[in-house]
Amino acid sequence: EPYAFAGFDSRQKTFKLFFVFFNTAFLPGFAVFLMYQLKLIKSMYLQTQRERIIPYAVAMVFYFWAWYVSKNQTENPQIFKDFLLGTFLAVCATWMLNINSKISMHSTAMGGLVTFALLLSFSTQDPSGLYLAIAIFIAGLVCTARFLVSDHSRSEIYLGFASGNISQLVAY
């Protein structure tokens, strides 16, 4: 939302974006790469439930750190803090659900994205629904791709989507 970061200059916004990317994408991805190089996992694709246990635990640490740091920075908008808490809760939920089935983390992320955009559309000064429409479109593309090319069942994709939804709702 453009209004959430209204008091930030472009340098500050870029730093916030870099901070989120670094903690929630780069560091977990690098950790998986190191686990693969150290032969702790057989594949970078994390094809089995067992292979996902340690990467999820590592991701939880990085996602928690991103939320915790942002929560304690008073200049951050509440919606930003809520989103990061929702992403942390989604990783935790997916880790727990991984015990019984190989939940799609992609669909978990898409469920969180759609729910966040829905919540944003109700709390924003811009009621156009543009963010929600874009989120639904992206989620449709990603989840369709997971249906077509992955080794997830339909229930694993739907359960992932639901866990992302619920995590963002709980955080909100």
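Position 1 is the first residue of the sequence; numbering continues from there. The basis for the numbers below is simple: all heavy atoms, side chains too, and nothing from hydrogens, waters or symmetry mates. Everything numeric in this text was worked out from a predicted model, so none of it was measured.
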>> Listing request: all ring-ring contact (aromatic ring centres under 6.0 Å, His included) pairs with a residue in residues 150-172, at least two apart in sequence or in separate chains.
In response: Phe147-Tyr158
>> Nearest 0.5 Å, please: how far is CZ in Phe116 from CD in Gln168?
In response: 7.0 Å
>> Using the side chain to side chain contact (heavy atoms under 4.5 Å, CB included) criterion, which residues pair with Thr48? Sequence neighbours excluded.
In response: Arg50, Glu51
> Of all residues at least two apart in sequence or in a different chain, which pass the side chain to side chain donor-acceptor pair (under 3.5 Å) check with Ser153?
Replying inline: Ser155
> Tell me, which pairs form a salt bridge (Lys or Arg N to Asp or Glu O under 4.0 Å) where one or both residues lie in residues 25-48, sequence neighbours left out?
Replying inline: none
>> Suppose the criterion is ring-ring contact (aromatic ring centres under 6.0 Å, His included): which pairs have a residue in residues 28-53, not counting sequence neighbours?
In response: Phe26-Phe30
> Should Val20 and Phe22 be counted in the same cluster of Ile, Leu, Val, Met, Phe, Trp and Tyr side chains packed under 4.5 Å apart?
Replying inline: no
> How long is the span from the CG atom in Leu89 to the CD1 atom in Ile166, to the nearest 0.5 Å?
Replying inline: 11.5 Å
> Val149, Val142: one ILVMFWY side-chain cluster at the under-4.5 Å cut-off?
Replying inline: no
>> So, using side chain to side chain donor-acceptor pair (under 3.5 Å) as the criterion, who are the partners of Thr87 when residues are at least two apart?
In response: none
> Going by side-chain heavy atoms closer than 4.5 Å, which hydrophobic residues are tied to Leu141, directly or by a chain of links?
Replying inline: Phe137
>> If I take atom CG from residue Leu27 and atom CZ from residue Phe21, how far apart are they, to the nearest 0.5 angstrom?
In response: 9.5 Å
> Asn23: what forms a side chain to side chain donor-acceptor pair (under 3.5 Å) with it, not counting sequence neighbours?
Replying inline: none
>> Rounded to the nearest 0.5 Å, what separates atom CG in Leu118 from atom CG in Leu169?
In response: 8.0 Å
> Roughly how far, to the nearest 0.5 Å, is the CG atom of Leu119 from the CD1 atom of Ile79?
Replying inline: 7.5 Å
> Is there a chain of hydrophobic side chains (I, L, V, M, F, W, Y, each step under 4.5 Å between heavy atoms) that links Phe15 to Leu17?
Replying inline: no
> Are any of the side-chain heavy atoms of Pro77 and Phe8 separated by less than 4.5 Å?
Replying inline: yes
>> So, taking the atom named CG in Leu84 and the one named OG in Ser70, what distance separates them when rounded to the nearest 0.5 Å?
In response: 4.5 Å
> Are Ile41 and Ile54 side-chain neighbours, meaning at least one heavy-atom pair lies under 4.5 Å?
Replying inline: no
>> On a heavy-atom basis, which atom in Gly86 and which in Ser167 lie closest, and how many Å separate them?
In response: O-CB, 3.5 Å
>> Suppose the criterion is salt bridge (Lys or Arg N to Asp or Glu O under 4.0 Å): which pairs have a residue in residues 104-119, not counting sequence neighbours?
In response: none
Run the side-chain donor-acceptor check on residues 55-69: report pairs under 3.5 Å with partners two or more places apart or on a different chain.
unit_1, atom_1, unit_2, atom_2, d
Tyr56, OH, Arg52, NH1, 3.3
Tyr63, OH, Thr24, O, 2.9

> Is there any salt bridge (Lys or Arg N to Asp or Glu O under 4.0 Å) pair reaching into residues 62-80, and which pairs are they, with sequence neighbours excluded?
Replying inline: Lys16-Glu75
Considering only distance and modelled atom types, tabulate donor-acceptor pairs under 3.5 Å from the side chains of residues 96-114, sequence neighbours left out.
unit_1, atom_1, unit_2, atom_2, d
Asn98, ND2, Gln49, O, 3.0
Lys102, NZ, Gln47, O, 2.8
Lys102, NZ, Asp151, OD1, 2.9
Lys102, NZ, Asp151, OD2, 2.9
Ser104, OG, His106, N, 3.4
Ser104, OG, Ser107, N, 3.1
Ser104, OG, Ser107, OG, 3.4
His106, ND1, Arg146, NE, 3.4
Ser107, OG, Ser104, O, 3.0
Ser107, OG, Ile157, O, 2.9
Thr108, OG1, Thr94, OG1, 3.3
Thr108, OG1, Ser104, O, 3.0
Thr108, OG1, Gly160, O, 3.2
Thr108, OG1, Ser163, OG, 3.4

